[in-house]
Amino acid sequence: MPDVVVIGAGPAGLTTAYELQKLGLSSAVLEADHQVGGISRTVDYHGFRFDIGGHRFFSKVPLINELWDEILGEDFLLRPRLSRIYYKNRFFDYPLKAGNALAGLGLFEAARCGLSYARARLRPSADAKSFEDWVAGRFGYRLYNIFFKTYTEKVWGIPCRDISADWAAQRIKNLSLWEAVRHALFSSGKSKDGQVITTLIDEFKYPRLGPGQMWEACTRRLAEQGNPTHCDVAVTRVRHARGQVECVYGQTAAGEPTEFAGQHYVSSMPLRELIRALDPPAPAQVLEAASRLRYRDYLTVVLIVKRAEVFPDNWVYVHSPEVRMGRIQNYKNWSPAMVPDPSRTSLGLEYFVWETDEMWRWDDRRLIELGTHECAQLGLVDPRDVEDGTVVRMKKAYPIYDHGYQEAVATLRSYLETLSNLQTVGRNGLHRYNNQDHSMLTGVYAAENITGARHDVWSVNTEQEYHEEQRQTDASAGGDRQVPGRRA
Ligand SMILES: Cc1cc2nc3c(=O)[nH]c(=O)nc-3n(C[C@H](O)[C@H](O)[C@H](O)COP(=O)(O)OP(=O)(O)OC[C@H]3O[C@@H](n4cnc5c(N)ncnc54)[C@H](O)[C@@H]3O)c2cc1C
């Protein structure tokens with residue numbers, strides 16, 4: 001019997017097991033899918049490798065950077081970044097650069113944006129509840145409309161006024177328009193207080209063979225020390241009694257029942273599904289709170305294009321409202337090893353959908369046709385150059401921050417705290433918009449809690465900082481291991 005049963009072999013679950021191994025505890029990781037990595041997996045299609053989206057490895061937490069280096073070593077590359085916004089048949093630099101944005105918008109539109117920005121700053125709204133209030137209040141309505149609204153609504157599938165301001169605060173709190181303009185015009189690289197500003201991050205780390213390589217390497221390291229990962233095992237029932245989980249039950253891909261027991265349990269499966277799997281069932285009001293959690297689903301159409309170069313970006317945000325795709329990834333620009341033949345390009349077209357949408361059920365051929373048509377419409381690809389394609393669907397890619405989610409999560413959290421040997425971690429495990437680094441950090445904390453630490457796993461990534469902005473003081477650049485949410 002392993003010391004700990006871990007549900008899910010994404011970054012959070014695998015990091016939990018990896019940290020447990022370092023602490024001298026054994027684990028068994030159960031993964032519903034046939035491969036590891038979760039949303040951070042890499043899919044291989046005839047030698048063309050691609051992510052679910054594009055996964056930059058970027059963290060302000062030194063401990064996480066150390067873990068990545070330790071797991072992958074020299075296959076962990078430093079890559080240049082170029083990403084732009086495509087809007088009204090033009091490319092705009094992203095992050096925004098003043099000169100480029102002015103040229104793209106034209107003087108008249110730029111002046112209107114400036115006026116609308118001034119108006120917003122002169123009459124700030126005291127209490128921004130929605131994403132729309134929050135962003136328009138800081139950047140002005142016109143800039144919000146051009147650079148935030150269309151893309152955000154494509155991603156979330158709900159109007160920006162129904163998205164909680166929390167999400168904006170978490171993602172773009174410190175992105176000051178003035179700072180971006182100042183940086184673009186007078187870039188000294190230093191702020192008033194002498195900090196190095198790397199707001200406009202132009203490099204990131206990335207595994208040579210895509211993010212899944214990190215998680216495959218982690219799985220191998222676990223197996224070498226006798227800590228197995230069981231793929232194709234979906235946990236469907238979590239039996240508990242007297243405030244403790246006793247056993248989890250699952251099903252293999254062949255439909256055979258299987259069960260695992262340990263002293264402790266760590267779950268990265270979606271919070272809503274975990275609550276529904278509890279046996280005996282959770283009280284009615286807890287089940288009702290779970291049913292209020294919502295998720296946005298995602299599919300990517302990959303086109304194999306008979307051209308060595310299509311565009312120089314790693315990815316392009318597609319703000320143009322006339323097409324459904326939200327973003328295009330160009331995987332060979334992430335790492336040249338992502339394509340088996342340098343005369344070919346693989347593009348990942350990203351569609352943000354609900355699994356109840358008709359489009360979710362379209363067959364692959366129809367989705368590939370849609371993607372090819374939209375790329376042609378944007379003037380990016382000649383349909384005659386598309387020689388193959390594939391589709392990957394990913395359910396629950398995004399936990400939704402709507403107006404009721406915080407209350408629902410609080411109810412679930414206090415109920416789960418009655419089960420003393422169960423912790424939840426990760427992105428959907430905590431219903432938190434976590435990137436890999438924060439998902440991993442919750443796994444490190446959960447492992448350390450099992451050996452007596454008292455970390456608050458739920459506090460990770462509540463500091464509301466923007467992913468794009470990193471202020472490095474000399475002290476933190478020096479490898480300080482201090483990390484958020486750590487109590488012990
Ligand atoms: C489009 C997109 C782009 C992204 N870009 C970045 C980026 O650039 N950088 C970055 O750091 N992060 C990025 N992320 C976020 C990153 O993918 C997640 O933070 C990370 O994968 C979360 O790890 P996790 O282990 O918590 O969850 P997941 O990756 O969701 O893993 C959970 C695992 O649990 C398994 N599971 C679920 N239910 C069960 C069950 N009942 N039984 C057994 N197993 C189960 C799942 O199959 C899955 O493998 C992106 C996400 C998306 C959607």
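For ligands, and for the atoms within them, numbers begin at 1 and follow the listed sequence.
- Residue contacts with ligand 1 for Leu14 are absent, since no atom lies close enough (heavy atoms, distance under 4.0 Å).
- By the 3.5 Å distance cut-off applied to N or O atoms, Ala12 is counted among the residues near ligand 1.
- Short contacts between ligand 1 and Gly54, defined as distances under 4.0 Å to a heavy atom of the residue, involve ligand atoms 5 (N), 6 (C), 7 (C), 8 (O).
- Salt bridge status for Lys396 with Glu273: present, with a side-chain N to carboxylate O gap under 4.0 Å.
- Of all the heavy atoms of Phe58, none lies under 4.0 Å from any atom of ligand 1, so neither backbone nor side chain is involved.
- With sequence neighbours excluded, no residue satisfies ring pair (Phe, Tyr, Trp, His ring centres under 6.0 Å) with Trp458.
- Cation-pi check for Arg427 over Tyr398 is met; the charged atom lies under 6.0 angstrom from the ring centroid and within 45 degrees of its normal.
- Note on Asp437 versus Lys60: no salt bridge recorded, every NZ/NE/NH1/NH2 to OD/OE distance being 4.0 Å or above.
- Counting the atoms of ligand 1 from 1 in the order shown, those under 4.0 Å from a heavy atom of Ile52 are 1 (C), 2 (C), 3 (C).
- Trp354 carries Arg296 over the face of its six-membered ring, with the cationic atom under 6.0 Å from the centre and within 45° of the normal.
- Inclusion of Ser40 in the set of residues having an N or O under 3.5 Å from an N or O of ligand 1 is warranted.
- Considering backbone and side-chain N/O of Arg56, one or more are found under 3.5 Å from N/O of ligand 1.
- Distances from ligand 1 to the non-hydrogen atoms of His55 include at least one value under 4.0 Å.
- Of the charged side-chain nitrogens involved, at least one lies within less than 4.0 Å of a carboxylate oxygen, so that Arg292 and Glu288 count as a salt-bridged pair.
- At least one N or O atom of Glu31, backbone or side chain, sits closer than 3.5 Å to an N or O atom of ligand 1.
- Below 30°, between 30° and 60°, or above 60°: for Tyr405 and His431 the angle between ring planes is between 30° and 60°, a tilted geometry.
- The shortest N/O to N/O separation between Arg41 and ligand 1 does not fall below 3.5 Å.
- Comment: Lys22 engages Glu70 in a salt bridge, judged by a side-chain N to carboxylate O separation of less than 4.0 angstrom.
- Taking every non-hydrogen atom of Ala234 and a distance limit under 4.0 Å, the qualifying atoms of ligand 1 come out as 42 (N).
- In summary, the atoms of ligand 1 found under 4.0 Å from a heavy atom of Pro270, numbered by their order in the structure, are 37 (C), 38 (N).
- Looking at Ala277 against ligand 1, nothing comes within 4.0 Å, counting heavy atoms.
- Proximity of Val233 to ligand 1 is established by a heavy-atom distance of less than 4.0 Å.
- Ring geometry for Tyr331 versus Phe50: interplanar angle of 30 to 60°, hence tilted.
- Where the criterion is an N or O separation shorter than 3.5 Å, residue side chain and backbone included, Ala32 meets it with respect to ligand 1.
- In terms of N/O distances under 3.5 Å, ligand 1 is approached by Ile39.
- Under the ring pair (Phe, Tyr, Trp, His ring centres under 6.0 Å) criterion, Tyr206 pairs with Trp334, not counting sequence neighbours.
- No salt bridge links Arg41 with Asp51; every basic N to acidic carboxylate O contact stays at or beyond 4.0 Å.
- Every atom of ligand 1 is numbered from 1 in the order shown, and the set under 4.0 Å from a heavy atom of Gly38 is 29 (O), 31 (O), 48 (C), 49 (O).
- Relative ring orientation between Tyr151 and His319 is described as parallel, the plane-to-plane angle staying below 30° on a 0-90° scale split at 30° and 60°.
- For the pair Arg327 and ligand 1, a heavy-atom separation below 4.0 Å is found.
- Look at Asp75 and Arg208 and you find a salt bridge, because one of the NZ, NE, NH1 or NH2 atoms lies within 4.0 Å of a carboxylate O, short of that distance.
- Ring planes of Trp315 and Phe204: tilted class, angle from 30 to 60°.
- Residue contacts with ligand 1, taken as heavy atom pairs separated by less than 4.0 Å, involve Val235 via backbone and side-chain atoms alike.
- Considering backbone and side-chain N/O atoms, Gln436 comes within less than 3.5 Å of an N/O atom of ligand 1.
- Close approach to Gly426 involves these atoms of ligand 1, each under 4.0 Å from a residue heavy atom: 26 (O).
- Inclusion of Met269 in the set of residues having an N or O under 3.5 Å from an N or O of ligand 1 is not warranted.
- The part of Ile7 lying near ligand 1 is the side chain, judged by heavy-atom distances below 4.0 Å.
- Here the closest non-hydrogen pair linking Ala397 and Tyr298 is CB-CB, 3.6 Å.
- Residue Ser439 touches ligand 1 through its side chain alone, judged by heavy-atom distances below 4.0 Å.
- With a 6.0 Å cutoff to the six-membered ring centre and a 45° limit on the axis angle, Arg84 counts as a cation-pi contact of Phe91.
- Of all atoms in ligand 1, listed by their number and element, those nearer than 4.0 Å to a heavy atom of Gly8 are 33 (C), 34 (O), 35 (C), 44 (N).
- At least one N or O atom of Asn434 sits closer than 3.5 Å to an N or O atom of ligand 1.
- Using a 4.0 Å cut-off between charged side-chain N and carboxylate O, Arg220 and Glu216 make no salt bridge.
- With a 4.0 Å heavy-atom cut-off, ligand 1 is reached by no atom of His34.
- Contacts with ligand 1 closer than 4.0 Å are made by no heavy atom of Phe57, backbone or side chain.
- Both the backbone and the side chain of Asn435 come within contact range of ligand 1, each with a heavy atom under 4.0 Å.
- Ligand 1 lies within reach of Pro11, whose nearest heavy atom is under 4.0 Å from it.
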Review point. Passes salt bridge (charged side-chain N to carboxylate O under 4.0 Å, His left out), Arg81 versus Asp202? Steps please.
Key: CA-CA 5 Å; Arg81 166 185 170 162; Asp202 49 16; over 6 Å; no
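- Taking every heavy atom of Ala397 and a limit of under 4.0 angstrom, the matching atoms of ligand 1 come to 53 (C).
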